[in-house]
Number of protein chains: 2
Amino acid sequence: MLKTKNQKRIEEVENVACHLFANNGYHSTSMRTIARELNMNQATLYHYFSSKEDLLFKLMDDAIENSTNTLKRICAADILWEDKLKAVLNSYTRYFAGYKEGEILLLNEMNSLSEPKREILIKKQRHFVELFKTILNDASADHKLEQIHTTVAIFAFFGMVHYTVKWYNKDGEVNLEELAAMFSKNPGPEGQALGCP
Amino acid sequence: MLKTKNQKRIEEVENVACHLFANNGYHSTSMRTIARELNMNQATLYHYFSSKEDLLFKLMDDAIENSTNTLKRICAADILWEDKLKAVLNSYTRYFAGYKEGEILLLNEMNSLSEPKREILIKKQRHFVELFKTILNDASADHKLEQIHTTVAIFAFFGMVHYTVKWYNKDGEVNLEELAAMFSKNPGPEGQALGCP
DNA sequence: TATTATCAAACAAACGTTTGATTGAATAAC
DNA sequence: GTTATTCAATCAAACGTTTGTTTGATAATA
């Protein structure tokens, strides 16, 4: 699969734009800034992307497609739901805390998109959540998770994981494996109340 | 404590600006939009706030001061750490999920501030986290929480709570009391693995 | 009268985007 | 093998808007 020069250039633009959008925000990042970072004229950007919003959309769409495919693969695997749960919590935590900037865009910039595009991504996100729920439903059918509100459970998990981008440093004292374990491990004896990490 | 007409007007501006900033984003909300919403000329806004950024800063600063004061009161109370923990988790969850738009700004718009101001708020947020940690330290001294990484625990909780603004509907099937209970209750028997809600 | 509150109008700067021209490297014609 | 054609890639310059902000004047209030 050899990349054309065109595709390479597109990816260069995407990488730089994704980095800037994720770290400085979409509205605070101008096309001039992106072009300057690439040593390229701003007009040239419009040879590859028809608008700034199109560029953002492509980045966000790639990110959600990527996450969804990973989740699909786990759901389709022929393993126990316990292992599916463990796999998805683990992979998602690692994926996210490991700094996928596209996911940061999905988290921060949904409101920066105008209407036809935003609705498309929201639908894809809802689909992602539904996939996630199928695992918990398997668990429920196993009569082991009845007393838990699955919607709250899912979003509590997403919240914990998404927030890592605001504080977690993968080179700090807790590595990615440990973090994923903390987010997904079974709670122990009483007294470990707090946010259930 | 009678409010001058001046103070009243300032609060009107703050309420409208906070609502617009929180829901549409700081950069996407122009001074013209704020003025129009108030049936007021845009220039008049500068009679009350010296700049748009000053307006944002005041909103965010009020929010963090407010949260910190609540937390201080709980920390200073003469009760067991278990009850402190329960109180703070409960109040914070209720506070946040109940739609405090200033907190949304603290979550979303920190990068919209330029340097002297941002550092001030970041320091205050760090102070807030330190206060939170004192409770967990009391718990640790009680030899009941040793095996938990307190930093991870705190941010896991913040993550769960902050994320509620993206999905939680207080008029839905889970009310605020229940949600706060779910976020702060002791985990039960094995099998309730998942994100520990 | 002095101070506060409001306004219409304009300002310079920054924005996303378009235009029109110029290059480079292929492909086709001779 | 040279020349002509084509098309993708790039650029400087400018476009029309929108932005945050200022000015200078007017109305209201005290």
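Chain A is the first sequence line, chain B the second, and so forth, proteins listed ahead of strands; every chain is numbered from 1. Note that the coordinates shown come from a computational prediction; the quantities given were computed from them, not determined experimentally.
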Is the shortest side-chain N/O distance from [X] to OP1 or OP2 of [N] below 4.0 Å?
{"X": "B:Thr44", "N": "C:dA5", "answer": "no"}
{"X": "B:Asn6", "N": "C:dA5", "answer": "yes"}
{"X": "A:Arg9", "N": "D:dT10", "answer": "yes"}
{"X": "A:His47", "N": "D:dA9", "answer": "yes"}

(request) Let me have a per-nucleotide readout for nucleotides 20-30 of chain D, 5' to 3', with B, S or -, counting only protein heavy atoms under 4.0 Å. (result) BBBB-------
Set of residues satisfying side-chain hydrogen bond (donor to acceptor under 3.5 Å, both in side chains) with respect to [X], sequence neighbours excluded:
{"X": "B:Tyr92", "value": "B:His162"}
{"X": "B:His127", "value": "none"}
{"X": "B:Lys84", "value": "none"}

(request) Would you mind classifying the nucleic acid contact of B:Phe49 as base, sugar-phosphate or nothing, using non-hydrogen atoms under 4.0 angstrom? (result) nothing
Which side-chain N or O atoms in residues 69-80 of chain B pair as donor and acceptor under 3.5 Å with protein atoms at least two apart or in another chain?
residue	atom	partner	partner atom	Å
B:Asn69	ND2	B:Glu65	O	3.3
B:Thr70	OG1	B:Asn66	O	3.2

Whole Å only: how far is the [atom1] atom of [X] from the [atom2] atom of [N]?
{"X": "A:Met40", "N": "D:dA12", "atom1": "CE", "atom2": "P", "value": "13 Å"}
{"X": "A:Ile34", "N": "C:dA14", "atom1": "CD1", "atom2": "P", "value": "17 Å"}
{"X": "A:Tyr48", "N": "C:dT18", "atom1": "OH", "atom2": "P", "value": "17 Å"}
{"X": "A:Ile10", "N": "D:dA8", "atom1": "CD1", "atom2": "P", "value": "13 Å"}
{"X": "A:Leu38", "N": "D:dC11", "atom1": "CG", "atom2": "P", "value": "10 Å"}
{"X": "B:Arg36", "N": "D:dT18", "atom1": "CZ", "atom2": "P", "value": "11 Å"}

(message) Is any side-chain heavy atom of B:Phe158 closer than 4.5 Å to one of B:Val129?
(response) yes
(message) Strictly by salt bridge (Lys or Arg N to Asp or Glu O under 4.0 Å), give each pair with a member in residues 33-47 of chain A just once, sequence neighbours left out.
(response) none
(request) Using only heavy-atom distances, determine whether the side chains of B:Ser28 and B:Asn24 contain a donor-acceptor pair under 3.5 Å. (result) no
